[in-house]
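For reference, the structure is listed below as structure tokens.
Chain letters run A, B, ... following the sequence lines, proteins first and then strands; every chain starts at 1. Please read these numbers as outputs of a predicted model, since none were measured by experiment.
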Amino acid sequence: MPALKVYAWFLLKRLGLTVLTLWGLATLVFLMIKLMPGDEAQMAAGADASAAQVEAMRIRLGLDAPLVAQYLRFLLRVAQGDFGTSIVTLQPVMSDLGKVLPSTLELVVVAMLINLSVAIPAGIVAAYRQGGAFDSLCRAAAVTLGGMPAFWLALVLQFLLGRVWRVVPISGQVSFGMGSPVVTGAPSLDALLAFNGAGFLNALWHLALPAAVLAALFSTQVFRTLRASLLGVLRSDFVMAVRAKGASARRMLTDHALPNSLNPVLTLAGTQAGAMIGSAVLVETVFARKGIGAYMFNAVAQKDTFAVLGSVMFIGTVVCLVNLAVDVMQLVLDPRIRSAQFGSQH
Amino acid sequence: MHMDRTFQGSPTPGPNATTLARAVGLTVDMPVQLGASSVRIVDGVDFAIGVGERVALVGESGSGKSVTARALMRLDRAARVSGRVEFAGRDLLALSEREMTQVRGGDIAMVFQDPMSFLDPLMTIGDQVAETLRIRGVGKADARRRALAVLDELRVDRAAERLDAYPHEFSGGMRQRVVLAMALVGEPRLLIADEPTTALDVRVQDQVLDLLDDVSARRGLAVLFITHDLGVVAGFAERVMVMYSGRIVEDGSVDSVFARPRHPYTRGLIKAVPRIDQDLDRLYAIPGAPPPPFARPTGCAFHPRCDAAFAPCLRDVPAVLPVEGGRAACHLHASQGA
């Protein structure tokens with residue numbers, strides 16, 4: 001194992017790159033604000049503001065300064081986590097996000113868990129028994145699910161599971177009277193913090209359908225990627241060598257074939273984490289859940305520019321951090337990447 | 001059509017050896033595409049390997065050598081193996097997959113052609129060598145100690161320090177030693193070596209061959225050595241079997257086959273070996289190319305390339321008949337009277 005020091009150095013380098021990426025994103029967001037039709041001062045002052053009020057707002061927001069000065073000031077504010085003020089809630093966008101984000105993270109984390117825990121075992125079995133009944137079934141399911149729009153799937157499942165069979169609630173995040181005091185904003189976590197077992201289960205029960213709907217599309221991608229990757233690995237020579245040692249099929253798969261086929265899955269899951277937050281917009285709207293999706297949806301509907309851009313900036317940050325985590329995981333997984341990064345240790 | 005070929009008695013190992021492994025009518029069909037038709041890669045071969053005997057299996061690429069060897073261990077999941085494979089009196093084709101995992105790596109082990117692609121790139125070499133033992137329930141520390149002992153025996157440089165190194169950190173020759181250690185650590189009685197030196201450069205080839213020679217002698221290990229290099233055969237094996245298009249065409253002691261090859265194909269192979277004491281403008285090559293297994297010629301599969309072919313060769317698959325010092329499958333030979 002390379003020493004911790006080299007990992008720390010790697011992390012530092014990647015964090016530097018992450019900062020550069022976020023700088024680029026912030027610049028894009030700034031340009032979007034500038035290029036979008038409409039007067040920022042007018043938007044901030046409100047549609048009913050008088051000309052004098054708009055001018056006063058323009059000076060207050062520093063919009064009368066040269067563009068470069070505005071850009072630098074914008075970067076400084078973003079670096080401090082100040083994304084501006086929402087014209088709908090009249091609150092700083094950052095504090096709005098702080099309220100809605102835990103609920104989204106709860107949804108995305110559970111959806112990611114469902115995604116991976118369904119797609120990975122299915123991918124393994126399908127690849128190992130390529131062309132078998134299970135493989136055919138899974139591939140058919142992947143095509144069907146992958147081709148379904150998430151909101152439509154959500155509506156159908158709401159109707160079947162929520163209305164006809166009544167096994168899960170149609171919407172909301174926790175039943176009336178089952179809620180716990182808000183600490184984090186994620187109902188399941190709040191229930192745990194309040195030692196409210198029934199509330200926790202109730203929150204998960206409400207999460208099941210939206211998380212499954214969100215996971216569906218993504219799990220078809222993970223399934224297909226893992227299956228293809230694993231099929232390639234299973235054809236490779238060292239798998240035969242492992243069999244020649246007397247390894248059982250199970251050992252061959254879990255100790256050798258799977259680790260060797262995980263790399264593309266990790267990369268995919270990393271990009272999916274970001275895309276899931278984006279897809280949460282639809283799911284949260286359909287299931288009437290609080291979250292960054294619903295927040296962005298409302299922001300777009302009400303032309304709340306700073307709220308939209310703040311959310312974009314925030315999601316961008318999450319994607320960057322997840323990618324950083326994926327890079328580190330790949331480093332841990334593959335000694336060849338470690339050697340390429342740090343030089344051979346032996 | 002191997003049914004109508006007569007085999008004179010059951011296959012036997014070379015003289016002075018008790019039978020360790022035996023294949024009778026070994027046939028391997030490979031599916032062409034999933035669920036669709038299959039192709040007969042190995043067409044009813046019979047042979048035996050004695051305890052501690054070194055047998056070479058030679059032939060051109062695509063002759064079915066590797067497929068035959070893998071069928072002995074039932075390594076290839078896609079292959080459909082029929083006939084009979086015996087090891088120490090047990091019928092391996094009748095064993096369950098679970099019982100077979102005990103045979104693999106325990107009774108029969110295998111080393112492969114390209115040591116890089118046959119090692120798991122993500123696992124340390126110490127773990128990969130020890131795995132053969134871990135599968136058999138040996139404790140972690142014990143397995144590691146024995147893995148190190150075998151790596152030392154195979155003269156892997158600084159083995160103790162490099163147990164936790166990964167395959168990409170080793171040179172080709174060292175990797176082949178690791179692959180060999182992986183095979184030997186389970187103390188097999190038969191080692192199948194599938195072109196273990198082909199991917200290595202000449203100097204390293206000699207080292208690995210010496211090593212194999214050394215260890216197999218010390219351990220009384222039977223070796224089935226697959227190669228297309230007749231030079232290697234002469235130096236290493238006691239007996240040689242020649243394979244062509246999925247069938248064994250000649251089998252005999254190295255001395256008698258090299259001195260008096262019976263089958264025109266064997267003659268061609270020997271003639272094709274460049275010799276340092278002959279000054280030739282051109283190297284000899286057998287005309288034509290081996291047939292693909294899905295278009296195997298009728299009769300003797302070699303007849304389109306054979307300068308001695310006559311009527312029966314086109315019609316009948318020649319029987320494998322005993323000859324002095326071994327056996328051969330050639331009409332020419334049969335008609336001259338065995």
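Counting heavy-atom pairs closer than 4.5 Å to chain B, the top residue among L333(A), N260(A), V239(A), V242(A) is N260(A). Counting heavy-atom pairs under 4.5 Å between each of G105(B), P188(B), S117(B) and chain A puts S117(B) at the top.
In this structure, M73(B) and A244(A) approach most closely via the heavy-atom pair CE-O, 3.7 Å. When all heavy atoms of P121(B) and P335(A) are compared, the pair lying nearest together is O-CG, 3.4 Å. Closest non-hydrogen pair, F118(B) versus F238(A), comes out as C-CB, 3.5 Å. When all heavy atoms are compared, the tightest approach of R136(B) to G246(A) is NH2-CA, 4.3 Å.
Checking side-chain atoms of K245(A) against main-chain N and O of G186(B) turns up no donor-acceptor pair under 3.5 Å. R336(A) contributes no side-chain N or O that, together with a main-chain N or O of Y166(B), makes up a donor-acceptor pair within less than 3.5 Å.
Heavy atoms closer than 4.5 Å to chain A are found in the backbone of L119(B), but not in its side chain. Only the side chain of R251(A) has a heavy atom closer than 4.5 Å to any heavy atom of chain B. Heavy atoms of Q113(B) lying under 4.5 Å from chain A are absent altogether. If you measure heavy-atom distances from R74(B) to chain A, the contacts under 4.5 Å come from the backbone alone.
Counting heavy atoms of neighbouring residues, nucleotides and ligands inside a 6.0 Å radius, atom CZ of R134(B) exceeds 12 of them. Atom NZ of K140(B) sits in a sparse spot, with 12 or fewer heavy atoms from other residues, nucleotides or ligands closer than 6.0 Å.
Note that OG of S248(A) and CE of M100(B) are 14.5 Å apart. Values are rounded to the nearest 0.5 Å. Note that the CE atom of M252(A) and the CZ atom of R77(B) stand 6.0 Å from one another [nearest 0.5 Å].
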